[in-house]
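Below: the structure, in structure tokens.
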Amino acid sequence: MPTSRTTSRRLLTGVVGAAAALALTACGGVKTTSSGGGDGKYPTGNIEFSVGASAGGSTDLITRALAQGMSKELGVSAPVLNKPGANGALNAKELQAAKPDGYKIALQNASLFTITPLTVSPAEATKIDSFDVITGVSRDDYVMATNAQSGFKSIEDMKKAGKTIRYGTTGVGTGAQLASALTFKTAGVEATAVPFDGGAPALTALLGNQVDVSTMQIGEAVENIKAGKLVPLAVFSDKRIPYLPDVKTAKEQGFDVLVTQYRFLTAPKGTPEDVKARLLEAAKKTFATPEYKKFNEENSLTPMEVSPQEVLSSLQKDTATYKEQLSKYGISLAG
């Protein structure tokens, strides 16, 4: 069941994809060499951006917008390849093994490094030490919402309902699952998780009353909230979010639940400093363009264009916090 927001995102994908295709074939001054290398100054060939998710989702859209801008700044083509699977782990593994020369890079999700490791064995976990972080990019906050027909207006209403709540998530080991599980546990609400493969199917199930509530990223739900089809119950950021200013945070409602998704640009470990500097410069110039700022606003994204060290500090802090909370409340996300 496509929503207007979903349609908007698909259209944007099409526009960005078309623009990227043009960049590959027709932009004046843009090189289209199929691979890097040679004796010239970096970059001398295409820079491949890979995405560990299917086309049309938040990570895919952000990658395409960033690749389009950086392609112009660097004067080379920047094809985007989707390599979905295991919450981005398959793409991360491939990038980890790539030559560290700046010609294969990827946007990665914080949840792959902060939450997924809490659901798999240490040997299976993806480690941030295997990558060089180029820059932080943006934050994508979560909202818990219910179908307007449910009659729920708050988390307390679900508690008073006296029944087991069925809640949709965007998958096992995701921020949507963690935020929901912590909320229901701390609120004393009996609840059962229903995992879906991403935000779109979770939204469809909620609109179809197949689950009582779902937690999704705001960009996936905001248009249905504005249309009155969904009722937002809480956001999981530290402060209220400008895109939904009337929706209280979980903390405001007495539940100490703070979970967010953010994304950052990475290259294989050992990428030369001068190459990382060129990539960072191109990313910063892209962030500053009106087109990219408009892209963030249209997709309910909050800029998080911070240094690599700030990204690493956030990952470390969030991992410790989530691990402690799951232990404290006896929650397993393994499914």
Side-chain angles (χ1 to χ4, degrees), residues 1-3 5-18 20-21 24 46-68 78-98 103-120 124-128 130-131 137-140 142 168-178 193-205 214-221 261-268 295 299 301 333-335:
M1 182 185 298
T3 64
R5 188 69 179 186
T6 304
T7 303
S8 174
R9 284 193 169 210
R10 286 175 178 167
L11 287 172
L12 182 56
T13 303
V15 170
V16 173
L24 282 169
N46 299 348
I47 299 175
E48 178 186 303
F49 283 68
S50 58
V51 183
S54 302
S58 296
T59 308
D60 177 69
L61 292 176
I62 300 167
T63 298
R64 290 179 186 278
L66 189 59
Q68 183 182 0
V80 175
L81 302 179
N82 294 90
K83 300 176 181 180
N87 195 27
L90 298 183
N91 180 53
K93 185 176 182 180
E94 186 173 320
L95 180 68
Q96 179 181 334
Y103 289 98
K104 288 190 177 181
I105 60 179
L107 202 70
Q108 301 212 53
N109 297 335
S111 61
L112 177 62
F113 302 94
T114 60
I115 302 174
T116 304
L118 303 175
T119 69
V120 299
E124 295 174 295
T126 305
K127 298 176 176 61
I128 192 61
S130 301
F131 306 94
V137 176
S138 56
R139 203 179 76 224
D140 202 358
Y142 292 105
T169 76
T170 56
V172 175
T174 62
Q177 182 194 18
L178 176 63
V194 182
F196 294 93
D197 187 19
L203 173 63
T204 300
S214 278
T215 294
M216 301 156 285
Q217 284 160 341
I218 287 177
E220 295 165 338
Q261 178 72 293
Y262 45 93
R263 297 180 176 85
F264 43 90
L265 187 62
T266 60
F295 165 80
N299 289 277
L301 298 167
L333 300 180

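Since we're looking at a predicted model, the values are computed, not measured.
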Sidechain-backbone polar pair: [X] side chain, [Y] backbone, donor-acceptor under 3.5 Å:
X	Y	result
Gln177	Leu333	yes
Gln261	Tyr142	no
Asn82	Ala53	yes
Thr266	Ala106	yes

Closest heavy-atom contact between [X] and [Y]?
X	Y	result
Pro195	Thr169	CA-OG1, 3.5 Å
Ala67	Ala78	O-CB, 3.7 Å
Thr59	Val51	CG2-CG1, 4.0 Å
Gly175	Ser111	N-CB, 4.4 Å
Lys104	Leu95	O-CD1, 3.3 Å
Ile115	Gly173	CG2-O, 3.3 Å

Original post:
Are side-chain heavy atoms of Ser58 and Asn299 found at a separation under 4.5 Å?
Top reply: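 No, every pair of side-chain atoms sits at 4.5 Å or beyond.
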**OP:** Could you give me the CA-CA distance, side-chain angles and deciding distance for Thr116 and Thr119, then say whether side-chain contact (heavy atoms from CB on, under 4.5 Å) is met?
**Re:** CA-CA 5 Å; Thr116 304; Thr119 69; 4.1 Å; yes
Original post:
Of Ile105, Leu265, Thr126, which is the lone residue that meets side-chain contact (heavy atoms from CB on, under 4.5 Å) with Phe131?
Top reply: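 Among Ile105, Leu265, Thr126, the one that satisfies the side-chain contact (heavy atoms from CB on, under 4.5 Å) with Phe131 is Thr126.
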**OP:** Mind running side-chain contact (heavy atoms from CB on, under 4.5 Å) on Phe196 and Leu203 for me, showing each step along the way?
**Re:** CA-CA 9 Å; Phe196 294 93; Leu203 173 63; over 6 Å; no
Subject >> More than 12 heavy atoms of other groups within 6.0 Å of Lys83 NZ >> reply: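 Yes, because the 6.0 Å sphere around NZ of Lys83 holds more than 12 heavy atoms from other groups.
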**OP:** Verify side-chain contact (heavy atoms from CB on, under 4.5 Å) between Phe264 and Gln108, making sure each step is shown before the conclusion.
**Re:** CA-CA 6 Å; Phe264 43 90; Gln108 301 212 53; 4.1 Å; yes
**OP:** Take Leu90 and Glu94 through the side-chain contact (heavy atoms from CB on, under 4.5 Å) test and state the conclusion after the steps.
**Re:** CA-CA 6 Å; Leu90 298 183; Glu94 186 173 320; over 6 Å; no
